[in-house]
Number of protein chains: 2
Amino acid sequence: MHDVALVAGVSVKTVSNVINGYPHIRPGTKQRVEEAIDQLGYRVNITARSLRQGRTGMIGLAVPELSLPYFAELAETIIRVAEETGTLVLIEQTNANRAREIEALGSRMRHLTDGLIFSPLALGQEDVDLFAVDFPLVLLGERVFGGPADHVTMDNVAAARAATEHLIARGRRRIAVIGAHPGERVGTAALRVRGYRDAMAAAGIPVDERLVAEAGAWHRSTGDAAMTALLDLGVEIDAVFGLNDAVALGAMHALRLRGLRVPEDVAVIGFDDIEEAAYSAPTLTSVAPGLEQIARTAVAYLRERIDGTAPDAARQMVTDFSIVTRQSTGA
Amino acid sequence: MHDVALVAGVSVKTVSNVINGYPHIRPGTKQRVEEAIDQLGYRVNITARSLRQGRTGMIGLAVPELSLPYFAELAETIIRVAEETGTLVLIEQTNANRAREIEALGSRMRHLTDGLIFSPLALGQEDVDLFAVDFPLVLLGERVFGGPADHVTMDNVAAARAATEHLIARGRRRIAVIGAHPGERVGTAALRVRGYRDAMAAAGIPVDERLVAEAGAWHRSTGDAAMTALLDLGVEIDAVFGLNDAVALGAMHALRLRGLRVPEDVAVIGFDDIEEAAYSAPTLTSVAPGLEQIARTAVAYLRERIDGTAPDAARQMVTDFSIVTRQSTGA
DNA sequence: TTGTAAGCGTTATCAT
DNA sequence: ATGATAACGCTTACAA
């Protein structure tokens, strides 16, 4: 910058003014500076600017793992949306590990990012105080409610209820749930199971507790295993509600191995509407969470916190959902 | 840091020494400093350190899009591996767009990262000069060979040949290829098609050019479309080689719609061995590229360039591959 | 409209 | 073994 000033015959301050679009500059001066910048191939040093301004222009995104399609799609969307305001995204993978999630709230990425979008999977309601941090924070998901940070979530109970009603409307009554977390009060699993129970109760169908199957981590493999265990029980099943698409896809895999047809013998619905759902065999009906809306809201909330234009009180945004009907439930 | 020095009764330099593990410090001094750090909750300001050292401890990763499973898994692995040496990863999505890929080589991320791992999809051999940059760069993939930067690639010709031989060994002769890029000389598609032709020639099977189907972007949707077009031609087909797993999965989807059974009527093999391949219906045989090795090599190469311990000449590493046999070819 | 000077929080140099 | 001081490259008061 010093060199540019020298070449243009101005001071560094004027160079800085030109770079930052300060309006009151004589056109001739501006042009000379810009020529000097081109001539020298000068680029501002973001690190120095960050140090001076106390901001880096980066935000953090803490997710369990990018190899989980939902989080890959979430990251893709957040990076794309953040870029619209010139914000870069630093991704941290927590592996849904408690210690790593706690670390994400105070790690090295702090002081390097202006704020954090955090999707916890191990921390829960009992850890709510950990989210009272002194930097801009937006929480995603359903592990924590009423916490001290902005929160973007969806109405999981209503969405799960709608998913279950979708199955009931197609004549299914022996509906299994895969992915429950027994003992959990809040949290995605608990809320979705509650929605399932609500729908069953409203339809007057008693819930066979054997059909509520646990699966800790929501992967294809755990869905596969849980479904297999369920089939081994020998209980009658005519539908499956996978608490996310991965377990639903794993469950379909297990059903296929047993020679059961989807949807003729067993209808299957998932949750997340990942891209894969549109290409699985059969294609998978799923609850679409509106990723774009989630991402836009989260980035906007965080931006407002960073800029200091947000209200003091923590906000909560409940995003929309819809059901995308595909072959696995008879489309 | 100033405050810590004050509390510990030492100079800032000593605090810095303690933080950076400088060996010649009296144990008592060290302890006082550490206590002061704890007491004040002090954390070093990475931005200031970066400014002073001229390094940020971050590297860039430019990929087409995280919602493509292969690149999500690649990003997952690179982030994990980089973390082992305390390196953070800033991801940039180029959307396989030429302008954005060029920008990735000179964007704002420069000056903010110590180097770049770049997987180009639009730039090719004719752009080789663009890769002669003045910062540490490691290229991934097969778009460019003999360029001025370190390069991690696999032997695509051999791998594609092995994939084709896998099909031939199972008695298939009418083998379609999906995902060709006509007119391309180097580049992933061209190399894999060459491997296919080599295998066919070695087995004495003439190549029916109608079976070499184009698909520009390698998505499930384009694989689906290309397969459908191929079936519309009415040519006989008993196997499909999808040039990546996404097109192979899309092709399986199209086959299914036409009532063709995999593998009985048509065997299918893919490329990349993404996690989904193990759970598709049927499960998909695929060429596994050894992601961990690719990631480790790329990060190590970049690290050595950054540290100045790499040789002057550009290096090229050819990573291993293997074929994972699954149901789609009769496992 | 432009320039001067201070300072962001570190680390490197050089003393001591 | 530790300290004083000068940078790193930029932006922001404030002055002119």
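No experiment lies behind these values; they were computed from the predicted model shown. Each chain gets a letter, A, B and so on, in the order its sequence line appears, and its residues count up from 1.
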Using whole Å, report how far [atom1] of [X] lies from [atom2] of [N].
{"X": "B:K13", "N": "D:dA1", "atom1": "NZ", "atom2": "P", "value": "13 Å"}
{"X": "B:Q53", "N": "C:dG9", "atom1": "CD", "atom2": "P", "value": "17 Å"}
{"X": "A:H2", "N": "C:dA5", "atom1": "NE2", "atom2": "P", "value": "14 Å"}
{"X": "B:M1", "N": "C:dT10", "atom1": "CE", "atom2": "C1'", "value": "6 Å"}
{"X": "A:L112", "N": "C:dC8", "atom1": "CG", "atom2": "P", "value": "20 Å"}
{"X": "A:K30", "N": "C:dT1", "atom1": "NZ", "atom2": "C1'", "value": "14 Å"}
{"X": "B:D3", "N": "C:dC8", "atom1": "CG", "atom2": "C1'", "value": "14 Å"}

Which nucleotide, [options], lies nearest any side-chain atom of [X]?
{"X": "A:N17", "options": "C:dT2, D:dT2, C:dG9", "answer": "C:dT2"}
{"X": "A:H24", "options": "C:dT1, D:dT11, D:dG3", "answer": "C:dT1"}
{"X": "B:L51", "options": "C:dT2, C:dG9, C:dA12", "answer": "C:dG9"}

(request) Using a 4.0 Å heavy-atom cut-off across all strands, classify A:T47 as base, sugar-phosphate, or nothing. (result) nothing
(request) Look at all strands and tell whether A:I25 reaches a base, only sugar-phosphate, or nothing, counting heavy atoms closer than 4.0 Å. (result)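 Since only primed, P, OP1 and OP2 atoms lie under 4.0 Å of A:I25, the category is sugar-phosphate.
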(request) Is it possible for you to check whether A:K13 lies under 6.0 Å from the centre of the six-membered ring of A:Y22, through NZ or CZ, and within 45° of that ring's axis? (result) yes
OP1 or OP2 of [N] under 4.0 Å from side-chain N/O of [X]:
{"X": "B:S11", "N": "D:dA4", "value": "no"}
{"X": "B:Y42", "N": "C:dT10", "value": "yes"}
{"X": "A:T29", "N": "C:dT2", "value": "yes"}
{"X": "A:N20", "N": "D:dT11", "value": "yes"}
{"X": "A:S16", "N": "D:dT11", "value": "yes"}
{"X": "B:R26", "N": "D:dA1", "value": "no"}

(request) Ignoring hydrogens and angles, answer whether the base of C:dT11 and the side-chain atoms of B:R52 contain a donor-acceptor pair closer than 3.5 Å. (result)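 Side chain to base: pair present.
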(request) Using only heavy-atom distances, determine whether the side chains of B:Q31 and B:E35 contain a donor-acceptor pair under 3.5 Å. (result) yes
(message) For A:V12 and A:Y22, find the nucleotide of DNA chain C closest to each by heavy atoms; which residue's nucleotide sits nearer the 5' end?
(response) A:Y22
(message) Quick check against the 3.5 Å criterion: does A:Q293 have a side-chain atom that pairs as donor or acceptor with the backbone of A:T319?
(response)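 Looks like no, no N/O pair under 3.5 Å.
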(request) Select from B:V15 and A:I19 the residue whose nearest nucleotide in DNA chain D is closer to the 5' end of that strand. (result)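 Whichever sits nearer the 5' end wins; that is B:V15.
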